[in-house]
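In this text the structure is predicted, and so the values were computed from the model without any measurement. We count residues from 1, following the sequence as given. As the structure lists them, so they are numbered: ligands from 1, and atoms in each ligand from 1.
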Amino acid sequence: MTPADPVQLIADLFASEGANDYFGEAVTQAEHLLQAATLAERAGAEPSLVAAALLHDVGHLALAVAGPEQMSGADKRHNDVGARWLAQWFGEEVTEPVRLHVAAKRYLCATEPGYASILSPASVYSLSVQGGPMGQAEAGDFAANPYAQAACQLRRWDDEAKDPAAPTPPFDHFRGLLAGLVRER
Ligand code: FE
């Protein structure tokens, strides 16, 4: 039996039905992720952070494949599901920004005046499910995490990657970058 090729598994998720869902946004899940990765790439981010941007909502896609009953409450944990799934093949420089991207939204809402006003309506709604803005102590703990800054960068691309008029490269554009990040076993 040949071991599963993670890049192909991810390509299949991007081509799955769930990737065509909008989840209340102006672009599909696949377009959203491809746009986020493009913004990261254009900003000159390291390959691991481009990959994190590309894969930050992969938990949504995996949950959609698992079935609609799995989706209830998914906004509380799609980041954890995604990070755990990705940890099979990728290091924490990819998985930690993914795991922390929801916390980064709650952190930025608490610490950056005006940040909350740029959130999409769907993102404002999920904020309430996710626990609302962080309190001072929680924000302090978050800022001390070595991946806090990467998670906040990812969060800003996440917020921006919802433009129906923005160019969206095909998934294949990122295959080589992903393959280069898969850990040796
Ligand atoms: Fe997102």
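- Ion pair Asp159/Arg155 flagged as a salt bridge, since at least one NZ, NE, NH1 or NH2 atom sits closer than 4.0 Å to an Asp/Glu carboxylate oxygen.
- Atom CD of Gln88 has more than 12 neighbouring heavy atoms from other residues, nucleotides or ligands inside a 6.0 Å radius.
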Extract all donor-acceptor atom pairs below 3.5 Å that involve side chains of residues 41-49 and protein atoms in other chains or at least two apart in sequence.
from, atom 1, to, atom 2, distance (Å)
Glu41, OE1, His173, NE2, 3.0
Glu41, OE2, His173, NE2, 3.2

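- Using a 4.0 Å cut-off between charged side-chain N and carboxylate O, Arg156 and Glu112 make a salt bridge.
- Under the ring pair (Phe, Tyr, Trp, His ring centres under 6.0 Å) criterion, Tyr115 pairs with no residue at all, not counting sequence neighbours.
- Judged as a salt bridge (charged side-chain N to carboxylate O under 4.0 Å, His left out), and not counting sequence neighbours, Glu92 has no contacts.
- Around the Fe ion (ligand 1), protein N, O or S atoms at less than 2.8 Å number 4.
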